[in-house]
There are 2 protein chains.
Amino acid sequence: MSASITTLQQLLFDLAGILPADTAPLFAMTRQAKLAANETYIREGDTERRLAFIEQGIMRAYIIKSNGDEATLFLRWEKQFIASHDTIIHRRPSRFIYRALEPTTLLEIDYDVLEEVLKTHPEYEPLRNFFLMRMLSESLNIMESFVTLSPEERYRNLLAERFDLVNRVPDKYIASMLGITPVSLSRIRKRMLDKGKG
Amino acid sequence: MSASITTLQQLLFDLAGILPADTAPLFAMTRQAKLAANETYIREGDTERRLAFIEQGIMRAYIIKSNGDEATLFLRWEKQFIASHDTIIHRRPSRFIYRALEPTTLLEIDYDVLEEVLKTHPEYEPLRNFFLMRMLSESLNIMESFVTLSPEERYRNLLAERFDLVNRVPDKYIASMLGITPVSLSRIRKRMLDKGKG
DNA sequence: AGATGCAGTTAACAAAAGATAATTTCGCAG
DNA sequence: CTGCGAAATTATCTTTTGTTAACTGCATCT
């Protein structure tokens with residue numbers, strides 16, 4: 001039994017009072033996926049509607065800009081959901097690429113299959129609701145940080161709230177998530193150090 | 001019968017094949033709210049879990065920054081949903097303020113009441129799913145624009161996609177949504193004009 | 001060990017944004 | 001129509017970011 005299944009069973013119990021023994025119809029449709037460091041999980045143009053729970057590792061979602069550069073939309077790590085949002089929300093080929101930054105273990109399900117399961121087992125519906133709310137919450141937080149904070153403040157925030165993450169991930173991806181260039185992030189770090197010393 | 005009810009009945013039919021005649025248990029719990037221009041719908045600190053569909057008008061969601069300035073998170077208008085997301089997602093008092101920019105008509109429901117209705121009428125569940133996905137989609141779009149586009153490009157985007165909106169709303173709110181100051185937006189507009197002429 | 005390659009820093013300059021204040025424009029109430 | 005107040009523009013100056021390129025450090029591969 002994978003650790004993520006236990007976690008999700010606990011979640012289902014908390015959300016809907018469903019006992020682990022009664023979750024078989026759902027977890028029968030999930031499978032474990034293992035990704036090597038730097039391995040791509042979803043490619044640009046892929047149409048699979050993948051939904052996954054991260055058991056171990058870090059995933060990065062990014063897009064290729066019109067000028068060819070990459071822009072990192074977000075990072076997700078242990079106990080978080082990651083979903084091919086273009087395919088799930090809009091049923092269109094993914095413009096985004098999802099890639100593991102570390103050796104990563106996922107518990108995945110095809111969203112179409114999940115919908116089938118939900119038709120016969122509506123009692124699992126709170127779980128879908130939960131992950132949609134979680135993703136919405138995270139997106140709104142990020143939006144909020146863009147309209148209320150300067151790049152430096154956003155970086156300080158990230159350090160304060162996700163110090164572990166910043167240390168596990170190359171700065172260039174952090175910079176991109178913050179909406180700035182790696183050069184600019186480097187200068188922010190320097191300014192922060194200088195202030196700290198002075 | 002309000003126009004929004006008809007719209008939402010159509011939506012429920014498209015999503016779940018539910019006939020308008022069978023939507024009474026849901027719409028019995030909704031009510032129309034009318035707001036004057038500049039009237040506040042949800043205050044900072046409010047705990048009501050309000051979910052509304054905008055029949056007519058424009059709503060602005062904003063937050064008071066630590067320095068006292070306002071930051072506009074988003075605008076919503078006809079046929080869109082607006083929800084007190086702090087209270088609904090986190091069950092905490094709203095840090096955001098929701099205010100009408102024009103005389104506005106909403107069809108509203110209390111989220112707790114909606115959840116009660118959904119317990120006895122799970123057939124409406126696709127509607128909740130729909131609005132969560134819609135909001136998630138919009139948030140992700142905005143996030144994407146922050147990491148892939150410059151302020152000027154974000155403004156051009158907004159003009160291209162929501163020209164009508166830009167003309168209905170004071171520039172200062174547009175600027176704030178774009179993550180810049182009104183002064184800076186004014187300069188962007190000037191640069192765009194100059195380029196167009198030159 | 002040496003070569004290769006990439007992430008991160010630094011430098012130099014151009015472009016853009018922030019802050020503040022003055023000025024103009026615009027909408028609207030009287 | 002007039003006058004008031006808010007919104008938008010403009011100006012000036014400072015700070016920050018973008019861009020490009022050089023350089024530094026570090027890990028990896030042979």
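Bear in mind the structure is a predicted one, so any value in this text is a computation, not a measurement. Within every chain, numbering begins at 1; the chains are lettered A, B, ... in the order of the sequence lines, protein sequences first and strands thereafter.
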_Parallel, tilted or perpendicular: rings of A/Tyr111 and A/Phe131 (30°, 60°)_ = perpendicular
*Using a 4.0 Å heavy-atom cut-off, write out nucleotides 21-27 of chain D from 5' to 3' as B (base contacted by protein), S (sugar-phosphate only) or - (no contact).*
-------
*Nearest-angstrom distance from the residue atom CD1 of B/Ile188 to P of C/dA16*: 9 Å
*Verify whether one side chain among A/Ser4 and A/Glu55 offers a donor that lies under 3.5 Å from an acceptor in the other.*
yes
*Between B/Glu153 (CD) and D/dT17 (C1'), how many Å, whole number?*
14 Å
*Could you list all the salt bridge (charged side-chain N to carboxylate O under 4.0 Å, His left out) pairs where at least one residue sits in residues 119-137 of chain B, not counting sequence neighbours?*
B/Glu115-B/Arg128, B/Glu116-B/Lys119, B/Glu125-B/Arg128, B/Arg134-B/Glu138
*Is a salt bridge present between B/Arg162 and B/Glu78, judged by a nitrogen-to-oxygen distance below 4.0 Å?*
no
_Using a 4.0 Å heavy-atom cut-off, does A/Pro182 contact any base of the nucleic acid, only the sugar-phosphate backbone, or nothing at all?_
nothing
*Nearest of C/dT10, C/dA7, C/dG18 to any side-chain atom of A/Lys190?*
C/dT10
*Thinking salt bridges, do B/Asp46 and B/Arg95 make one under a 4.0 Å N-O criterion?*
no
*To the nearest Å, how far apart are B/Asp171 CG and C/dT25 P?*
16 Å
_Basic-acidic side-chain contact under 4.0 Å: A/Asp110, A/Arg31_ = no
*Pick base, sugar-phosphate or nothing for B/Ser186, based on heavy-atom distances below 4.0 Å to the nucleic acid.*
base
_Nearest-nucleotide comparison on DNA chain D, the residue closer to the 5′ end among B/Tyr173 and A/Ser150_ = B/Tyr173
*Taking NZ, NE, NH1 and NH2 as the nitrogens, is one of them in A/Arg168 or A/Glu102 under 4.0 Å from a carboxylate oxygen of the other?*
yes
_Nucleotide C/dT9, atom C1' - distance to CG of A/Leu185 in whole Å_ = 11 Å
*Quickly work out the B/Arg154 CZ to C/dA16 C1' distance and round it to whole Å.*
12 Å
*At under 4.0 Å, does any side-chain N or O of A/Thr181 touch on OP1 or OP2 of D/dT17?*
no
_Length of the line joining A/Met192:CE and D/dT16:P, which is rounded to integer Å_ = 13 Å
_A/Asp194 CG - C/dT9 C1' separation (whole Å)_ = 13 Å
*Could you tell me whether the phosphate oxygens of C/dA17, OP1 or OP2, come under 4.0 Å of any side-chain nitrogen or oxygen in B/Arg191?*
yes
*Ignoring hydrogens and angles, are the base of D/dG18 and the side chain of A/Arg187 linked by a donor-acceptor pair under 3.5 Å?*
yes
*How many Å lie between CD on A/Glu152 and C1' on D/dT16, as a whole number?*
10 Å
